[in-house]
Amino acid sequence: MDNSKKTTSKLLDLYEKRVFELPLGILGHFFARYYAVTGDEKHKKIVALNIFVKYFSKFNKFSEEFLKNENFGKKSKAPTPKTERKRARFNFYQKNIKARFFDDFLLLLFYLNKYKLEKNVSQKEYKRVIANLAKIDFYSLYNNDNAIRSDSSYLFNSVFFLKHLEIDTKISQVCEKRLKSMYVDSKMDLADISDSEYKSFVYSMTHIIIADSKYYERFVSGHKWIIKYFANNLDTIAQRTTPDILAEVGFCFRLCREEQKYLSLLNEIKKQSLSLMSWKKLGADINFLRWKEHTNSILIMLLANNKKFHKAHDFSKNRLFQ
């Protein structure tokens, strides 16, 4: 068994052994991504339950607030986050309260569609939601420097969800061009921005590609400027970001089918990612296993050699959603 398969097998074993101890959201996230590259359906029930709890069950609450209240969205009463990136997003939401609502609601609607559940909710209400969303001026909300700088990857998820839901098929391209204009075409010296802002910039680029893939359902084309930036600045990315972000960068080479062109860079990312694995701690500390789940999920997809992605399960006839 090669190193990639050993790593995938060991990670899968760790999460399967703790299936009764880890939160549903962690397990659902991990197993959905494992399925996307392997097609292994043995965790289908866990994925279904997570989709039900996290998204499907909340449709009525979100749609009612959206359709009946012009002042939907609330300022958060939570403490101001400690990290600079989270604090920037928090402050952006406090001043743009509808942004957080739309980030959450568009994510929910995207997952309903991804798992073929849009017809399992009230059709009258669902159609009204889509029609009313088409009237929202998302350009004013998202297509500005502050939003792109502060909301970063969440924003790019949202504008691609608008595209996939066929509410607005152009806004994702407009916001992507703005990101490029802000950080690349402007000849800005990125050494002058904080590591926090630099992380947001790189996360925005990875999530443009990931969101365009419909969250691991297909390979994507385009975004050449992003792949070029990654290839030319890999050392800087490794130094100024995190193992999580570096693994996403490597996976983006795969999603864009650029792995052969940049094979040496991709192999270096894999090598570095594997060198950072703390197997003993992952096995002994369940909180660490939980905290590292996102990185571990990306790593499994980075190491995979799948020639296609497996489309999400069709849960429309699953009894849970009737």
Side-chain angles (χ1 to χ4, degrees), residues 24-25 28-33 35-36 47-67 72-73 89 93 98-123 125-136 138-139 141-142 147 151-176 203-204 206-220 223 248 251 255 294 297-298 301 309-316 318 320-321:
L24 175 63
H29 185 276
F30 181 85
F31 290 135
R33 281 142 186 79
Y35 166 78
V47 175
L49 185 57
N50 185 50
I51 295 301
F52 178 84
V53 171
K54 200 168 183 179
Y55 304 111
F56 185 82
S57 65
K58 297 178 181 177
F59 172 77
N60 289 340
K61 174 180 175 293
F62 270 90
S63 62
E64 182 177 1
E65 183 175 355
F66 176 56
L67 294 172
F72 53 86
R89 180 175 285 125
Y93 283 155
K98 291 185 179 181
R100 178 168 188 169
F101 179 89
F102 285 129
D103 284 353
D104 290 341
F105 195 24
L106 292 170
L107 178 69
L108 181 155
L109 293 170
F110 168 75
Y111 273 104
L112 289 187
N113 278 259
K114 183 177 175 72
Y115 288 94
K116 307 296 185 288
L117 292 168
E118 66 273 20
K119 292 185 179 179
N120 292 58
V121 297
S122 165
Q123 285 302 283
E125 199 165 345
Y126 181 82
K127 289 176 181 178
R128 282 186 64 204
V129 162
I130 297 299
N132 283 23
L133 284 170
K135 300 173 184 177
I136 300 294
F138 286 106
Y139 290 86
L141 185 63
Y142 288 136
D151 204 21
S152 60
S153 57
Y154 287 33
L155 180 151
F156 284 100
N157 283 342
S158 293
V159 295
F160 274 93
F161 295 157
L162 288 168
K163 176 183 178 180
H164 299 323
L165 292 165
E166 298 183 348
I167 294 168
D168 189 315
T169 59
K170 297 179 180 179
I171 190 170
S172 59
Q173 186 177 17
V174 171
C175 289
E176 181 177 344
Y203 251 140
S204 292
T206 61
H207 276 257
I208 285 170
I209 292 171
I210 289 170
D212 195 8
S213 77
K214 295 186 174 181
Y215 266 74
Y216 326 118
E217 283 202 357
R218 64 184 187 183
F219 292 101
V220 299
H223 316 301
E248 278 198 3
F251 183 51
L255 278 173
H294 185 273
S297 295
I298 293 293
M301 293 188 288
F309 288 94
H310 297 269
K311 287 196 172 183
H313 303 288
D314 180 345
F315 286 144
S316 60
N318 187 302
L320 188 62
F321 301 94

### Ring center gap for F72 and F105 short of 6.0 angstrom
no
### Message
Test side chain to side chain contact (heavy atoms under 4.5 Å, CB included) on L133 and F138; report intermediate values, then the result.
### Response
CA-CA 9 Å; L133 284 170; F138 286 106; 4.0 Å; yes
### Message
Measuring only between side-chain heavy atoms, which start at C-beta, is S158 closer than 4.5 Å to K163?
### Response
no
### Task
Could you check whether the rings of F62 and F101 sit parallel, tilted or perpendicular, using 30° and 60° as the cut-offs?
tilted
### Message
Run R128 and S122 through side chain to side chain contact (heavy atoms under 4.5 Å, CB included) and show every step you take.
### Response
CA-CA 10 Å; R128 282 186 64 204; S122 165; over 6 Å; no
### Side chains of S316 and K119 in contact at under 4.5 Å (non-hydrogen atoms)
no
### Message
Pair N120, F56 - check side chain to side chain contact (heavy atoms under 4.5 Å, CB included), show working.
### Response
CA-CA 9 Å; N120 292 58; F56 185 82; 3.7 Å; yes
### Short side-chain to backbone donor-acceptor contact, R218 and D212, under 3.5 Å
yes
### Query
Measuring from E118:CD to L165:CG, what's the distance to the nearest 0.5 Å?
9.0 Å
### Task
Over 60° means perpendicular and under 30° means parallel, so classify the ring planes of Y215 and F161, tilted if in between.
tilted
### Query
Which pair of non-hydrogen atoms, one from V53 and one from K58, has the smallest distance, and what is that distance?
O-CE, 3.6 Å
### Message
How close do A32 and V47 get, counting heavy atoms only, and between which atoms?
### Response
N-CG2, 3.8 Å
### Query
Taking the side chain as C-beta and beyond, is there a heavy-atom pair between L112 and F59 under 4.5 Å?
yes
### Query
Does atom CD of E166 have more than 12 heavy-atom neighbours from other groups under 6.0 Å away?
no
#### Entry: Smallest separation among heavy atoms of N318 and A48, with atom names
ND2-CB, 4.1 Å
### Message
Please find the pair of heavy atoms, one from A211 and one from N157, that lie closest to each other, and give the distance.
### Response
CB-OD1, 3.8 Å
#### Entry: side chain to side chain donor-acceptor pair (under 3.5 Å) partners for N113, two or more places apart
Y126
### Task
Indicate yes or no: at least one non-hydrogen side-chain atom of I210 is less than 4.5 angstrom from one of F156.
no
### Query
Would you find a donor on one side and an acceptor on the other, under 3.5 Å apart, between the side chain of Y35 and the backbone of K311?
yes
### Message
Within the 4.5 Å heavy-atom criterion, are L67 and V129 side-chain neighbours or not?
### Response
yes
### Message
Is there a side-chain contact between I136 and F66 in this structure, where contact means two heavy atoms from C-beta onward sitting under 4.5 Å apart?
### Response
yes
### Task
For S213 and L255, work out which heavy atoms get closest and say how close.
CB-CD2, 3.9 Å
### Query
Would L320 and F315 satisfy side chain to side chain contact (heavy atoms under 4.5 Å, CB included), going step by step from the backbone distance to the final call?
CA-CA 8 Å; L320 188 62; F315 286 144; over 6 Å; no
### Task
Using the six-membered ring wherever Trp is involved, compare the ring planes of H164 and F160 and label them parallel, tilted or perpendicular (cut-offs 30° and 60°).
tilted
### Query
Counting N and O atoms only, with roles assigned by atom type, does the side chain of E217 sit under 3.5 Å from a partner on the main chain of H310, one being a donor and the other an acceptor?
no
### Message
I'd like to know if the side chain of D104 pairs up with that of Y154 as donor and acceptor (distance under 3.5 Å, no hydrogens or angles considered).
### Response
no
### Message
Just verifying a value: how many Å separate S172 OG and L162 CG, rounded to the nearest 0.5 Å?
### Response
8.5 Å
### Task
Inspect the contact between D151 and R100 and indicate whether a charged nitrogen and a carboxylate oxygen are less than 4.0 angstrom apart.
no
### Query
So, F309 versus Y216, ring centres under 6.0 angstrom or not?
no
### Task
Answer yes or no: is there a donor N or O on one side and an acceptor on the other, between the side chain of K214 and the main chain of K114, under 3.5 Å?
no
### Query
Are K54 and Y111 side-chain neighbours, meaning at least one heavy-atom pair lies under 4.5 Å?
no
#### Entry: Between H29 and N50: side-chain donor-acceptor atoms closer than 3.5 Å
no
### Task
Would you confirm whether S57, through its side chain, and F52, through its main-chain N or O, come within 3.5 Å as a donor-acceptor pair?
yes
### Message
With a 4.5 Å cut-off on side-chain heavy atoms, are D103 and Y142 touching?
### Response
yes
### Query
Would you say E248's side chain and H207's backbone share a donor-acceptor pair under 3.5 angstrom?
no
### Query
Looking at CG of L109 and CZ of F102, how far apart are the two atoms once the value is rounded to the nearest 0.5 Å?
10.5 Å
